[in-house]
Amino acid sequence: MAAAVSAVRAAAHGHGESGGDRGGGFLGPRVPAEVEAMARAMQDMGKETFRRLLRVTVNALEGKDCKESVKVIAESTNLSEEQLAFLISGMYTLLREALRLPLSTFKQEVFKEDLKELRIPEDFIVDFSSIVFGNRRPTSEGTAVIQGSRLPSVQDFKWRVDVAISTSSLARALQPSILMMLKLSDGTAHRFEVPVAKFQELRYNVALILKEMNDLEKRSILKIQD
């Protein structure tokens with residue numbers, strides 16, 4: 001049971017691994033390993049057990065404690081602890097990724113076809129679709145996307161140039177460096193020193209990212225058509 005709960009936590013924090021080469025749908029170019037393991041484990045599963053696991057997964061997406069629910073399922077089914085871990089982790093990852101996509105561009109037919117590619121049973125595909133495109137979506141979407149496993153954002157950034165006139169080994173160093181301080185949204189602050197060479201590397205990479213973003217924005221596929 002502990003492994004199943006830990007699997008949910010790992011999925012919630014994006015610690016899944018990439019699986020096989022089959023992909024290209026809403027899950028990305030490589031299907032996560034936990035989703036592939038989930039699909040295999042579902043082949044011989046009863047519909048009632050699946051729906052109980054699905055309810056637990058939705059509760060986890062909504063930030064609710066699911067320990068007791070997982071324990072009850074483990075005690076009332078013949079699923080091993082490893083199978084429960086695969087199933088819950090895979091279902092969590094699958095729904096989390098689907099709920100991140102806007103309904104204006106993500107179509108139900110595409111979602112169902114992607115699940116068929118994973119060989120998920122037809123009855124289970126219908127239930128997955130009801131979560132992603134049905135009445136439960138707003139609640140699940142709010143926590144999966146807005147409150148999801150995101151890193152703290154930068155609230156404030158300060159910097160200054162410092163010059164070391166001397167060091168313990170050199171009488172006159174005159175070596176400049178950049179002191180930076182980041183204040184994050186979780187209230188923590190980080191102060192660190194960046195050598196000039198590393199700062200130049202950072203400056204180059206930022207410029208490269210900005211250029212790539214500008215190139216992407218120029219592509220017609222990203223432009224809103226009237």
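A 4.5 Å side-chain heavy-atom check between S89 and M38 finds every atom pair outside the cut-off. For the pair L95/L54, a side-chain contact is recorded, criterion being any heavy-atom separation below 4.5 Å from C-beta on. M91 is listed as a side-chain neighbour of M42, based on a closest heavy-atom distance under 4.5 Å.
Of all the heavy atoms in G90 and V35, the pair that sits closest is O-CG2, 3.7 Å. Residues M180 and V194 approach most closely at SD-CG2, 4.0 Å, considering heavy atoms. Between T49 and L79, the shortest heavy-atom contact is CG2-CD1, 3.8 Å. Contact detail for L27 and P32: the closest heavy-atom pair is CB-CD, 4.1 Å. Among all heavy-atom pairs drawn from V56 and C66, the shortest one is CG1-CB, 3.8 Å. The heavy-atom pair separating A98 from V132 by the smallest distance is CB-CG2, 3.8 Å.
Note: F50 and F128 meet the aromatic proximity criterion, with ring centroids under 6.0 Å apart.
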(request) List the steps and the verdict of side-chain contact (heavy atoms from CB on, under 4.5 Å) for R203 and K198. (result) CA-CA 9 Å; R203 190 170 65 89; K198 281 295 179 183; over 6 Å; no
(request) Report the C-alpha distance between V206 and L210 in whole Å, list the side-chain angles of each, state the deciding distance to 0.1 Å, and finish with yes or no for side-chain contact (heavy atoms from CB on, under 4.5 Å). (result) CA-CA 6 Å; V206 170; L210 290 173; 4.1 Å; yes
(request) Any chance you could lay out the side-chain contact (heavy atoms from CB on, under 4.5 Å) test for K71 and E75, step after step, and finish with the verdict? (result) CA-CA 6 Å; K71 184 178 180 181; E75 293 174 349; 3.3 Å; yes
(request) May I have the step-by-step check of side-chain contact (heavy atoms from CB on, under 4.5 Å) for V110 and F26, ending in yes or no? (result) CA-CA 9 Å; V110 175; F26 73 96; over 6 Å; no
(request) Could you walk me through whether F133 and F106 pass the ring pair (Phe, Tyr, Trp, His ring centres under 6.0 Å) test, one step at a time? (result) CA-CA 10 Å; F133 299 94; F106 188 40; 5.6 Å; yes
(message) Using the rule given for salt bridge (Lys or Arg N to Asp or Glu O under 4.0 Å), can you reason through R100 versus E97, listing the C-alpha separation, both sets of side-chain angles and the distance that settles it, and then say yes or no?
(response) CA-CA 5 Å; R100 284 177 173 172; E97 296 305 313; 3.2 Å; yes
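Looking only at distances, a side-chain donor or acceptor of T57 sits under 3.5 Å from a matching main-chain atom of L53. Of the possible donor and acceptor atoms, one in the side chain of N59 sits under 3.5 Å from a partner among the backbone N and O of R55. In this structure a side-chain-to-backbone donor-acceptor pair under 3.5 Å is missing from T188 to L184. The main-chain N or O of R119 is found under 3.5 Å from a side-chain atom of Q43 such that the two form a donor-acceptor pair.
Between the side chains of E193 and S177, at least one donor N or O lies within less than 3.5 Å of an accepting N or O. With hydrogens and angles left out, the side-chain atoms of R52 and S76 include a donor and acceptor closer than 3.5 Å.
In this structure, W159 is not a member of the same hydrophobic cluster as V163, with clusters built from ILVMFWY side-chain heavy atoms closer than 4.5 Å. Under the 4.5 Å side-chain contact rule for hydrophobic residues, L202 and V154 share a cluster. Under a hydrophobic-cluster definition in which Ile, Leu, Val, Met, Phe, Trp and Tyr are linked whenever side-chain heavy atoms come within less than 4.5 Å, directly or via other members, M213 and L208 are assigned to different clusters. Both L94 and L103 sit in one connected hydrophobic cluster of ILVMFWY residues. Membership requires side-chain heavy atoms under 4.5 Å apart, directly or through other members. V196 and V161 fall within a single hydrophobic cluster, where Ile, Leu, Val, Met, Phe, Trp and Tyr side chains are chained together by heavy-atom contacts under 4.5 Å.
How far CD1 of I178 is from CZ of F192: 10.5 Å, rounded to the nearest 0.5 Å. With rounding to the nearest 0.5 angstrom, the CG atom of L115 is 5.0 Å from the CD1 atom of I125. How far OG1 of T77 is from CG of L84: 5.5 Å, rounded to the nearest 0.5 Å. Distance check: L179 CG to K158 NZ gives 13.5 Å after rounding to the nearest 0.5 Å. D123 contributes atom CG, which lies 4.0 Å from atom NZ of K47 (distance to the nearest 0.5 angstrom). K183 NZ to Q155 CD: the interatomic distance, rounded to the nearest 0.5 Å, is 7.5 Å.
K107 and E109 are not joined by a salt bridge, as no carboxylate oxygen comes within less than 4.0 angstrom of a charged side-chain nitrogen. Between R51 and E48, no side-chain nitrogen of the basic residue sits less than 4.0 Å from a carboxylate oxygen of the acidic one, so the salt-bridge criterion is not met.
For CG of D44, the number of neighbouring non-hydrogen atoms (other residues, nucleotides, ligands) closer than 6.0 Å is 12 at most.
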